[in-house]
Amino acid sequence: KDETLRHKKEVLFMEWNAKWIQPALDTGDAAPVYLKSFPLPEREKIAKARLFLTALGVYEAELNGKRVGHYFLAPWWTSYYKRLQYQEYDVTKLLETENRLTILVGKGWYRSHMPGFQSSPYQEKLSERPAGLLAQLEIAYQDGRREVFATDETWTVSESEVRFSEIYDGEIYDATYQPAMDNPVQCFDGPWDTLISQQGEEIREQERITGARCFTTPNGETVIDFGQEVTGYVETVLEAAAGEILDLSFAEVLDKEGNFYTENYRSAKAQYRYTCREGRQTYKPKLTFWGFRYIRVNSFPGGTENAAPECFTAIAVHSDMKRTGRLSCSNTNLNRLFDNIVWGQKGNFLDVPTDCPQRDERLGWTGDAQVFVRTACLNYDAEKFFAKWLADMSADQHEDGYVGHVIPDLLQAPKASAAWGDAAAICPWEVYLAYGNKALLENQFTCMHKWVDYITASTDTPDLWTGGTHYGDWLGLDAPSGSYKGSSDETFIASAFYARSTELVIKAGKALGKDVTAYEALYRRIVIAFRRTWPEYKTQTECVLAAHFRLAPDCQAAANQLAEMVKACGTKLQTGFVGTPYLLHVLSDYGYAELAYSLLLREAYPSWLYPVTKGATTIWEHWDGIMEDGGFWSADMNSYNHYAYGAVADWVYGVAAGIKPLEEAPGYAKVRIAPVPDPRLDWLKASLHTRHGMVRSHWKKLDGMWRYEITTPVETEVVIAGETHMVSAGTWYFYSKI
């Protein structure tokens, strides 16, 4: 109710004079383009002009032939039933005496058929809505007068050059088509109470990568390799005759014969078809995106033999976050892994933390987000990004506290899953630790404790979480034949996360000065019930959770058992989505740092570096997405840009380099730096730009010693070889024996 009231206040403050409009005549698959022409005879007397825009879909606006703003896919993806963002643009410099404002509206996330891998009645209701537009141009004159041009019955509309555009199925564009711009619009009762001003980061164009090489596959196909998997689109520069066709397909990998491979895109058509106009021209799609490293040139003006790498540029797009953390070391494969983790984050932080950017899914899976959130906030300033996504989580949370498997919750699953819904508690806490923003924690606190209340009310066994449907240790390598869930007890995992979320509600409540005595009592009961029910652990993941969440009566014994399990199977991890993010932490926390490094540095399957040896440029969904014989794990669920396992970077920042915020001083107001070097690396550097300044940790071998260079902007506890030193802001040097 409070959130709804805030939305209404913003709508009232905005003073919309505009009306929602839609095409009076159906434009079919073609994206409609709206037009408003208007004179400004006193153009030179204008002080400022602001354009407010939103749409049921995604839009691109032009004023007098010039693009409005630098954003891509606005108004972006929110929980549309509850929240629809609008954007504000300063267009003062774009105005002329005679003006022509055109706004193209595509289906985007709002009206595309999503998700493709299963039916979604929830999404289908959205996709049935019209290509609605709401726009208001406010002009302030130097003498105080105000003039408004807003969407109403006087606007016109037409089919556009964009003949088709959807999120999964790509875009078809005809540069020879001439929009008539003379069809009527009609007003309709569009959403008002859900309108909110822009909250999240804007999606913008980022890196530009020219084609690295062009080659012919064994199947005789022409393929361009960009050398890096990206999320975005391809810009093409070419000479053509009117009516000639450019047609591209997208892929992440080649098969073992070196042929173009697209089966893992599943039902996503991922089309890119451009009908050329006469002469030299540049084209890049407007209303959709792809995930890819390779493109196949199916058709090219004058023949595919004319396609050259320099004709194509891959443009990476993602939420416009500031880079804050960097890692590097003496091991080239580890450096490639660090790069892959960053590229995985960029490729999946497209307004929503998606699982993958290429196939018919691209959803904001909560499980992936919660395991990666700490790393996300180290690599980038992700506070604003997560604040918006967590607000969508609160909006989509059911009255009983249920949190969906994905946010926005297109799936509307009947029951919540442990370690996925627990993002409601884990993500706000990790963002708070990273940035120290109590307002964000306060905004999410109701969502946090309602999630714990949901578990308490829905479990079949008091003080444990039994019953329900869970993903378990998703993709655990100890899975029985045919299982995706690993061999760990799902009830064990659910109850462990029940304890963890309750613990975080307590910590958040105390940080906010709230009474959490009832949750403290609940937590004590959960721990007692957990220890009574599971006195023994049978998998790596069970050992990891028992020790990391401090649920074992003897956490050292649980870590010892974990270490023995890791060694017994050949120094290999056998964990999945649930256990892997904490695996190295448990080993290093309990005296097995050398073993943790052995797992990190392992290059044989399964390991973080195995995909690197296979040419990976992002993080894979499966350790063996490409198997040792060159074959594929599967066609039905095999993403090569899936960021979750990149969570290992938080161990490198926090343990190997040793940089951690103190819970009593979140946002790195005080810092603890306790580096843990390993002689298999000659040096390692980590830097992190915090709210209080730059923190750096650099260690290297030097004449039989470890030399540590520590830079801190605040009072810091530095731990070197077990000895603690309190230092003030500045750069400090320490030494210890190898």
Side-chain angles (χ1 to χ4, degrees), residues 201 318-319 321-329 334-350 352-357 364-387 389-390 419 422-423 426-435 544 548 573 575-586 588-589 596 599-600 607-609 611-612 616-621 641-661 666-668 671 676 684-690 695 697:
E201 298 280 12
H318 60 77
S319 293
M321 304 169 294
K322 177 185 176 182
R323 182 77 182 272
T324 51
R326 296 183 185 274
L327 296 170
S328 61
C329 70
L334 266 185
N335 288 333
R336 181 68 250 190
L337 173 66
F338 300 154
D339 287 344
N340 291 359
I341 291 168
V342 170
W343 274 105
Q345 181 172 352
K346 290 190 290 190
N348 283 290
F349 274 43
L350 197 77
V352 166
T354 56
D355 58 328
C356 59
W365 286 93
T366 48
D368 301 54
Q370 68 89 0
V371 303
F372 190 75
V373 60
R374 184 181 297 179
T375 293
C377 294
L378 288 162
N379 288 333
Y380 284 90
D381 185 343
E383 181 181 8
K384 187 176 180 181
F385 176 90
F386 275 111
W389 184 70
L390 288 170
D422 289 286
I426 294 171
C427 289
W429 180 252
E430 289 293 341
V431 177
Y432 169 67
L433 286 183
Y435 306 111
V544 166
H548 193 67
L573 54 81
T575 49
F577 268 39
V578 167
T580 302
Y582 310 122
L583 173 62
L584 301 191
H585 287 282
V586 172
S588 58
D589 286 349
L599 292 178
L600 178 67
S607 67
W608 282 277
L609 294 185
V612 172
T617 63
T618 42
I619 300 299
W620 292 356
E621 182 175 16
N641 193 353
H642 229 80
Y643 65 80
Y645 285 139
V648 69
D650 83 57
W651 185 86
V652 181
Y653 280 108
V655 178
I659 302 172
K660 289 183 179 178
Y668 298 87
V671 182
V676 179
L684 182 141
K685 294 180 181 179
S687 63
L688 179 64
H689 189 85
T690 74
V695 179
S697 174

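- To the nearest 0.5 angstrom, Leu600 atom CG is 6.5 Å from Leu609 atom CG.
- Put simply, the side chain of Val612 reaches to within 4.5 Å of the side chain of Arg336, judged on heavy atoms.
- By the 4.5 Å heavy-atom criterion applied to side chains, Asn335 and Cys329 are counted as neighbours.
- Listed by chain and number, the residues in a salt bridge (charged side-chain N to carboxylate O under 4.0 Å, His left out) with Glu201 amount to none (sequence neighbours excluded).
- Ring centers of Phe349 and Tyr643: under 6.0 Å apart, within the cut-off.
- Using a distance-only test at 3.5 Å, with no hydrogens or angles considered, no donor-acceptor pair links the side chain of His548 to the main chain of Val586.
- Here the OG1-OH distance, from Thr580 to Tyr582, works out to 11.0 Å after rounding to the nearest 0.5 Å.
- In this structure, Ala657 and Leu684 approach most closely via the heavy-atom pair CB-CD2, 3.8 Å.
- For the atom pair Leu337 CG and Ile619 CD1, the distance stands at 5.0 Å (nearest 0.5 Å).
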Can you check side-chain contact (heavy atoms from CB on, under 4.5 Å) on Val676 and Ser588, steps first, answer last? CA-CA 9 Å; Val676 179; Ser588 58; 5.9 Å; no
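- Remark: Asn379 engages Gln345, Tyr653 in a side chain to side chain donor-acceptor pair (under 3.5 Å) (not counting sequence neighbours).
- Atom-to-atom distance recorded for Glu383:CD and Cys377:SG is 8.5 Å, nearest 0.5 angstrom.
- Under the side-chain contact (heavy atoms from CB on, under 4.5 Å) criterion, Ala419 pairs with Gln370, Phe497, Val578, sequence neighbours left out.
- The closest donor-acceptor contact from the side chain of Arg323 to the backbone of Gly325 lies under 3.5 Å.
- Summarising the geometry, atom NZ belonging to Lys660 is positioned 11.5 Å from atom CG belonging to Leu378; distances are rounded to the nearest 0.5 Å.
- Checked by atom type and distance alone, the side chain of Trp651 pairs as donor or acceptor with a backbone atom of Leu584 at under 3.5 Å.
- Here the side chain of Thr324 pairs no donor or acceptor atom with the backbone of His689 at under 3.5 angstrom.
- The two residues Phe372 and Ala644 come nearest to each other via the heavy atoms CD1-O, 4.3 Å.
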Could you go through the side-chain contact (heavy atoms from CB on, under 4.5 Å) check for Trp389 and Val352 one step at a time? CA-CA 6 Å; Trp389 184 70; Val352 166; 3.9 Å; yes
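- For the pair Leu327 and Ala686, the tightest heavy-atom approach, listed with the atom from each and the gap, is CD2-CB, 3.6 Å.
- Atom-to-atom distance recorded for Trp608:CH2 and Leu573:CG is 5.0 Å, nearest 0.5 angstrom.
- At a threshold of 4.5 Å between non-hydrogen side-chain atoms, the residues Cys427 and Leu390 count as touching.
- With contacts defined as side-chain heavy-atom distances shorter than 4.5 Å, the pair Glu621/Asn641 does not qualify.
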Could you walk me through whether Val648 and Ile341 pass the side-chain contact (heavy atoms from CB on, under 4.5 Å) check? CA-CA 9 Å; Val648 69; Ile341 291 168; 4.0 Å; yes
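- Residues Val695 and Thr690 share a closest heavy-atom pair of CG2-CG2, 3.9 Å.
- Counting all heavy atoms, side chain and backbone alike, Val544 lies closest to Gly579 at CG1-O, 3.6 Å.
- Looking at heavy atoms from C-beta onward, His585 lies in side-chain contact with Val655 at the 4.5 angstrom threshold.
- Phe577 has its ring centre less than 6.0 Å from the ring centre of Tyr645.
- Between Asp355 and His642 there is a side-chain heavy-atom pair separated by less than 4.5 Å.
- By the 4.5 Å heavy-atom criterion applied to side chains, Ile659 and Tyr668 are counted as neighbours.
- Aromatic ring orientation, Trp429 versus Tyr432: tilted (interplanar angle from 30° to 60°).
- Side-chain contact of Thr354 with Asn348: a donor-acceptor pair under 3.5 Å is present, judged by distance alone.
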